[in-house]
Number of protein chains: 2
Amino acid sequence: MDTSSLVDKVEANLVQLLVDRKLKIGDVIPTEIDLSKNLGVSRTVTREALLRLRMRGLIETKKKKGSVITSPDIFSIIGKSLDPHLLDQETLKEIFEMRLVLEIGMADFLFQNITAEHIKELKEIIKNEPDTSENYVFHIDHEIAFHGKLYEITGNQTLKKFQKLLLPVFDYVHNSGLLKKQATIKKFVSHKGLVDILENGSPELFRNAMRNHLENHFLRIFS
Amino acid sequence: MDTSSLVDKVEANLVQLLVDRKLKIGDVIPTEIDLSKNLGVSRTVTREALLRLRMRGLIETKKKKGSVITSPDIFSIIGKSLDPHLLDQETLKEIFEMRLVLEIGMADFLFQNITAEHIKELKEIIKNEPDTSENYVFHIDHEIAFHGKLYEITGNQTLKKFQKLLLPVFDYVHNSGLLKKQATIKKFVSHKGLVDILENGSPELFRNAMRNHLENHFLRIFS
DNA sequence: GTTAGCATTATGTTATACATAATACTACTA
DNA sequence: TAGTAGTATTATGTATAACATAATGCTAAC
């Protein structure tokens, strides 16, 4: 039995239309009323279907102008669904882990894209590194600045957006009681050490160094 | 200026309600009409807001019964937004790259969770490895089986779901003209080699081996 | 030629009515 | 008394009509 509602069908219909017609970004689609007529449904249904497309990032709607096709930015969409308060604890912990995976695994893309300019920027960030007496917030900001720059250097916008997305989750998990308390804050490979490797080392070296740099996080995950 | 529409406000309102009241999964929320009354908006607006929550996986709606709170599975949501045909080429390529990052970076989680049983399963998969004369499809299936098992072993469900999500994109990119043609299909570290390392090696060794194993993919990305 | 203001148009919002399906209740029958 | 058929109820699904609002484009006045 087909349990799908009218709106479901209209939505699928519209998506199919976008794919088939190979409509380009910026193309406008007919008005709600025209669509309603052509599809033989009420404006209400058409509106709900369009609303879904909008949520999926497939279209943008402007008053008077109508709807235009946009390139779906999946991450801005996910972002709205990623409120840490609404996710269960296990998922939160797993997302925390994913960040570690990404930062260790992206070494090759770093080395592929890095320029002298990037190195300079990284060194600039390090120079402003707060000392241990400073407020916790400064440390967080600095961490984000440094690691965020790394994502940027990969040249992979999707990766960068993903990181931006995971940031609040990461912070939330870090501060919540989800993970074990940090027993010993040992100093491992520093930011400066990472930059040195980026300048003179290799992806292999960087992966191991980054793994070491993140050791404190790993310690909190593994018993 | 506040450009947000009424629906935006109602949506935010409802989410806030869910968070504040700490409503549990399975709890029912008031009917559309009740909500409309309490929020002072029309039923249409309330409906649109609820539709958004539904799309975000926060609620499920049944006829007569009303809406109940559900645990949001972000990945089933993203899945619907991730039709390769609807993404632009650059994003597709970048998602392709993300897979490589993940598989290299997850070494530590593999070693942390792997059991003798896992090793046995991996060896079983390798045993059925199709030889080079076989159909392309068989190779793909085998690749998915092997690498999918790795994600599974990490014990990170989120990671596993993410991989499942990226599969169609990966396949799409692999077969489309987005990447350079594979010049030389050289043999690098094999699946068997990877399993050997999982059995007797270390995360460091595995990362390098996996990087090597994926060399053909990297070659297609880097000029 | 530029701008003020009006007309137009498509989305945003409200209100109302009916359709539909799932639940709850009632009454009838074995 | 138990079980079931059938009916009432209720909340979502869909349709229609009307007005609000804002952006666009046209027109006329300066």
Side-chain angles (χ1 to χ4, degrees), chain A residues 1-18 21 23-70 72 77 80, chain B residues 1-18 21 23-70 72 77 80:
Chain A
M1 209 181 108
D2 185 14
T3 80
S4 63
S5 70
L6 242 182
V7 178
D8 290 326
K9 286 169 195 156
V10 171
E11 182 191 10
N13 233 312
L14 290 176
V15 170
Q16 199 56 40
L17 214 78
L18 299 197
R21 295 268 183 88
L23 293 178
K24 292 173 201 166
I25 294 163
D27 288 354
V28 301
I29 60 179
T31 69
E32 294 175 358
I33 296 174
D34 283 349
L35 285 173
S36 305
K37 274 184 198 164
N38 289 332
L39 296 170
V41 295
S42 73
R43 191 178 153 217
T44 312
V45 170
T46 307
R47 271 184 69 78
E48 292 212 356
L50 287 174
L51 171 59
R52 292 195 189 175
L53 295 195
R54 197 158 55 235
M55 277 201 77
R56 291 168 60 172
L58 295 178
I59 61 173
E60 255 178 29
T61 302
K62 296 258 186 205
K63 275 206 159 186
K64 159 84 179 184
K65 192 71 189 270
S67 297
V68 299
I69 305 201
T70 57
I77 302 163
K80 296 182 180 174
Chain B
M1 207 182 110
D2 185 14
T3 82
S4 64
S5 71
L6 242 182
V7 178
D8 290 326
K9 286 169 195 155
V10 171
E11 183 191 8
N13 235 311
L14 289 176
V15 171
Q16 199 57 40
L17 215 76
L18 298 198
R21 296 270 182 89
L23 293 179
K24 292 172 198 166
I25 293 162
D27 288 354
V28 300
I29 59 178
T31 68
E32 294 174 356
I33 296 175
D34 282 351
L35 286 173
S36 305
K37 275 183 197 164
N38 288 331
L39 297 170
V41 296
S42 73
R43 193 178 149 217
T44 311
V45 170
T46 307
R47 273 184 66 78
E48 293 210 355
L50 286 175
L51 170 58
R52 291 194 189 176
L53 295 195
R54 199 158 53 235
M55 280 198 76
R56 289 168 60 172
L58 295 178
I59 62 173
E60 257 178 26
T61 302
K62 296 259 188 201
K63 273 208 160 183
K64 162 82 178 186
K65 192 70 188 266
S67 297
V68 301
I69 306 205
T70 56
I77 301 163
K80 296 181 181 176

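In this text the structure is predicted, and so the values were computed from the model without any measurement. Proteins come first, then strands; the chains are lettered A, B, ... in the order of their sequence lines, and each starts at number 1.
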Got a sec, which residues hit salt bridge (charged side-chain N to carboxylate O under 4.0 Å, His left out) with A:E48, two or more places apart in sequence or on another chain? B:R47
Partner set under salt bridge (charged side-chain N to carboxylate O under 4.0 Å, His left out) for A:R43, not counting sequence neighbours: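 Partners of A:R43 under the salt bridge (charged side-chain N to carboxylate O under 4.0 Å, His left out) test: A:E32.
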With heavy atoms under 4.0 Å as the rule, sort [X] into base, sugar-phosphate or nothing.
X: B:K62; result: sugar-phosphate
X: B:T31; result: sugar-phosphate
X: B:T44; result: base

Which sits closer to the 5' end of DNA chain D, A:V45 or B:K65, going by the nucleotide each is nearest to?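 This one resolves to B:K65.
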Considering only heavy atoms, which members of residues 34-41 of chain A lie under 4.0 Å from some atom of DNA chain C? none
Protein and nucleotides 6-9 of chain D: nitrogen or oxygen contacts under 3.5 angstrom:
none

For A:I33 and D:dA15, give me the distance from atom CD1 to atom P, rounded to whole Å.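 Going from A:I33 (CD1) to D:dA15 (P), I get 15 Å.
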Using whole Å, what does the distance between atom P of nucleotide D:dG13 and atom CZ of B:R43 come to?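 Atom CZ in B:R43 sits about 8 Å away from atom P in D:dG13.
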Applying side chain to side chain donor-acceptor pair (under 3.5 Å), name anything that partners A:T44, two or more places apart in sequence or on another chain.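 By the side chain to side chain donor-acceptor pair (under 3.5 Å) rule, A:T44 matches no residue at all.
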Test side chain to side chain contact (heavy atoms under 4.5 Å, CB included) applied to B:D34 - qualifying residues, sequence neighbours left out: B:P30, B:T31
List for me each residue that meets side chain to side chain contact (heavy atoms under 4.5 Å, CB included) alongside A:E60, sequence neighbours excluded, and say none if there are none. A:V68, A:T70
With a cut-off of less than 4.0 Å, is there a side-chain N or O of B:R47 near OP1 or OP2 of D:dG13? yes
Can you give me the closest heavy-atom contact between A:T46 and A:L35, atom names plus distance? CG2-CB, 3.7 Å
Ignoring hydrogens, what is the shortest heavy-atom contact between A:V7 and A:A49? Give both atom names and the distance. CG1-N, 3.9 Å
Quick one: which of B:T61, B:L50, B:L53 gives a side chain to side chain contact (heavy atoms under 4.5 Å, CB included) with B:I29? B:L50
